[in-house]
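Letters A, B, ... are given to chains in the order of the sequence lines, protein chains preceding strands, and every chain is numbered from 1.
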There are 4 protein chains.
Amino acid sequence: MLISLQLDSEIPLYEQLRNQIVIGIATGELAAQEKLPTVRQLAEDLGINTMTVNKAYSLLKQEGYIVIDRRHGAKVSPRIQDSQGPSPQLEEQLQLIIAQATIQGMDQSRFQTLCTQIFSKMTYRPTHI
Amino acid sequence: MLISLQLDSEIPLYEQLRNQIVIGIATGELAAQEKLPTVRQLAEDLGINTMTVNKAYSLLKQEGYIVIDRRHGAKVSPRIQDSQGPSPQLEEQLQLIIAQATIQGMDQSRFQTLCTQIFSKMTYRPTHI
Amino acid sequence: MLISLQLDSEIPLYEQLRNQIVIGIATGELAAQEKLPTVRQLAEDLGINTMTVNKAYSLLKQEGYIVIDRRHGAKVSPRIQDSQGPSPQLEEQLQLIIAQATIQGMDQSRFQTLCTQIFSKMTYRPTHI
Amino acid sequence: MLISLQLDSEIPLYEQLRNQIVIGIATGELAAQEKLPTVRQLAEDLGINTMTVNKAYSLLKQEGYIVIDRRHGAKVSPRIQDSQGPSPQLEEQLQLIIAQATIQGMDQSRFQTLCTQIFSKMTYRPTHI
DNA sequence: GTGGTCTAGACCACA
DNA sequence: GTGGTCTAGACCACA
């Protein structure tokens, strides 16, 4: 999986890293149970500090996207809890995006098409026990 | 229009303010050409520093959402440039949201329903010259 | 409020710090809304790194014990959400403590007396809205 | 006796193991003098390294909960020394738990009820010589 | 002036 | 070999 960081972005490095891994999980580039690179390895590959990678991994762990065990490092969570409805945060973010899209002159039909395109790349399917 | 800021949020105050005004424009709560409160007035109402409001207004101006003139203060832009396609930033943000929604177990149909609900509140229509 | 860290403890410094602040809130040594020392100040006072204090504050914030705003630093949360019942974690920890106490030969009556003593120092009362 | 380890827990495996054995002793699931599984056996059953089980057993031995001899392996101690009063560590841990319970909105009466419930499962009685 | 982020480098516990 | 913790020091965004 390819990760590219923008050093001059407003978004902190650890957050960019977190975002790209979340997308990687959703698209299936990172399969469930797949082992992530070690903190050290990824830091070296990306040319950033281990602490920064550490922070990204800690965040992902806290959010339930990955599990970390001291034996084998970090892995994509086997099963991520599916919530009943949309989280309020997600809804708020989506509202802002749609507001901006609307003002930019994008109508609902074009927006839906865009969503469909993006969805078609998401191969993650929640595992129900 | 009601604006509520979360002082303990991760999102900077000026950005929260900017976001709510953008949403206000999209929903029509703030009509095109409508006059915004003065920096001083809004700062006082919200109990925050004028510099913070100033920063939000500057950002909105730079993004084309509002126009500012010395005589009449800030107003919602009469017409906001409609771009040809989705801005890459918007697409990136949307991809992240959809990734998270997917992992949370939300399928495309539920997502589309949510979008439709949000769109139904957006009354902004771009003015074509 | 007095904070003393054991540099040779198994418990990480940031966690010791977190624990003592939690106890300070419960005993009332730190009142609701009370301002905590700045990250820098506390780090200097304790002779530890700012990052370590930062981590403790972040944890406390995440747990809802304090709020941090960029304007005035960290403050004890005005009102901490009271949950319906005991969290499973708390119950698990308590079970372990009681197991150890039992094996050490402490009977229930002595344990309850000890609890009563400790409770008598806790002046925190949750604010209900 | 059933032991379940959480591989992704913050608590080290050897400590989880130690804790569950302590609880087992207190509840009577592990009787005084009862033979524990061999290090090798338990490691295999739990799917963890023998070193990890070894570390847990060493800790339990050091704390006086079990005795180990080369011929018969590990056994629950026939009699665990009862100390005069609560160990300072236990008191500290209890104080932290009570602080957290208080802030969560749990009052003393509910806490005592919870303690009583937990105590009712503890069947360990120290043997006095 | 405040917390947030990041670095380079180190040591340690866990497994 | 792995992540976790900690330091000294720096720069930056926010207010």
Chemist: Could you tell me the separation between the CG atom of B:Asp8 and the C1' atom of E:dG3, rounded to a whole number of Å?
Modeler: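 About 14 Å, once rounded to whole Å.
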Chemist: Between A:Thr27 (side chain only) and A:Gly24 (backbone N and O only), is there a donor and an acceptor less than 3.5 Å apart?
Modeler: yes
Chemist: If I take atom OH in residue A:Tyr57 and atom P in nucleotide F:dT5, what distance separates them, rounded to the nearest angstrom?
Modeler: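 My rounded result for the distance is 17 Å.
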Chemist: Could you check which of E:dT2, F:dG4, E:dG4 has an atom nearest any side-chain atom of A:Ile68?
Modeler: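 For A:Ile68, the side-chain atoms sit closest to F:dG4.
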Chemist: Which listed nucleotide (E:dG4, F:dT5, E:dT2) is nearest to the side chain of A:Asn54?
Modeler: F:dT5
Chemist: Check the distance between E:dG3's C1' and C:Leu36's CG and give it to me in whole angstrom.
Modeler: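 Roughly 13 Å, once rounded to whole Å.
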Chemist: Quick one, D:Tyr57 and D:Leu42 - any side-chain contact, counting heavy atoms below 4.5 Å?
Modeler: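 The answer is yes; the side chains approach within 4.5 Å.
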Chemist: Could you provide the dot-bracket string of DNA chain F, using ( ) for intrastrand pairs, [ ] for crossing pairs and | for bases paired to another strand, with Watson-Crick or G-U pairs below 3.5 Å?
Modeler: ||||||||||||||.
Chemist: Once you round it to whole Å, what is the distance between P of F:dC6 and CG of C:Leu46?
Modeler: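 In whole Å, F:dC6 P and C:Leu46 CG are 12 Å from each other.
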Chemist: Can you find a pair of side-chain heavy atoms, one from A:Ile25 and one from B:Thr102, that are under 4.5 Å apart?
Modeler: no
Chemist: Side-chain contact, heavy-atom cut-off 4.5 Å: A:Leu94 with A:Ile98?
Modeler: yes
Chemist: For C:Ile48, report the nucleic acid contact type (base, sugar-phosphate, nothing); a contact means any heavy atom under 4.0 Å.
Modeler: sugar-phosphate
Chemist: How would you label the contact of A:Asp69 with the nucleic acid (heavy atoms, under 4.0 Å): base, sugar-phosphate, or nothing?
Modeler: nothing
Chemist: For a quick check, with a 4.0 angstrom heavy-atom cut-off, what is the B/S/- contact string for nucleotides 10-15 of chain F, read 5' to 3'?
Modeler: ----SS
Chemist: Are side-chain heavy atoms of A:Gln16 and A:Leu13 found at a separation under 4.5 Å?
Modeler: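 Contact flag for A:Gln16/A:Leu13 side chains = yes.
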Chemist: Expressed as a whole number of angstroms, how long is the span from C:Leu42:CG to E:dT2:P?
Modeler: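 Taking atom P of E:dT2 as the reference, CG of C:Leu42 is at 13 Å.
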Chemist: Starting from P on E:dT5, measure out to CG on A:Leu7 and report it in whole angstrom.
Modeler: 16 Å
Chemist: Could you walk me through whether A:Leu17 and A:Leu46 satisfy the side chain to side chain contact (heavy atoms under 4.5 Å, CB included) test, starting with their C-alpha distance in whole Å, then the side-chain angles of each, then the deciding distance to 0.1 Å, before giving a yes or no?
Modeler: CA-CA 10 Å; A:Leu17 190 48; A:Leu46 296 172; 3.9 Å; yes
Chemist: Per the salt bridge (Lys or Arg N to Asp or Glu O under 4.0 Å) rule, what does the pair list look like for residues 21-45 of chain C, sequence neighbours excluded?
Modeler: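 The answer is none; no pair qualifies.
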Chemist: Could you state the CD-P distance from C:Glu44 to F:dG9, rounded to the nearest angstrom?
Modeler: 13 Å
Chemist: Are any non-hydrogen side-chain atoms of A:Lys55 and A:Met51 less than 4.5 angstrom apart?
Modeler: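 Side-chain contact under 4.5 Å: no.
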Chemist: Taking the side chain as every heavy atom from C-beta outward, state whether A:Glu63 and A:Arg18 have any pair of such atoms under 4.5 Å apart.
Modeler: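 When only atoms from C-beta onward are counted, A:Arg18 and A:Glu63 do touch, with a gap below 4.5 Å.
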Chemist: When the nearest nucleotide of DNA chain E is assigned to A:Gly47 and to C:Lys61 on a heavy-atom basis, which residue is associated with the more 5' position?
Modeler: C:Lys61
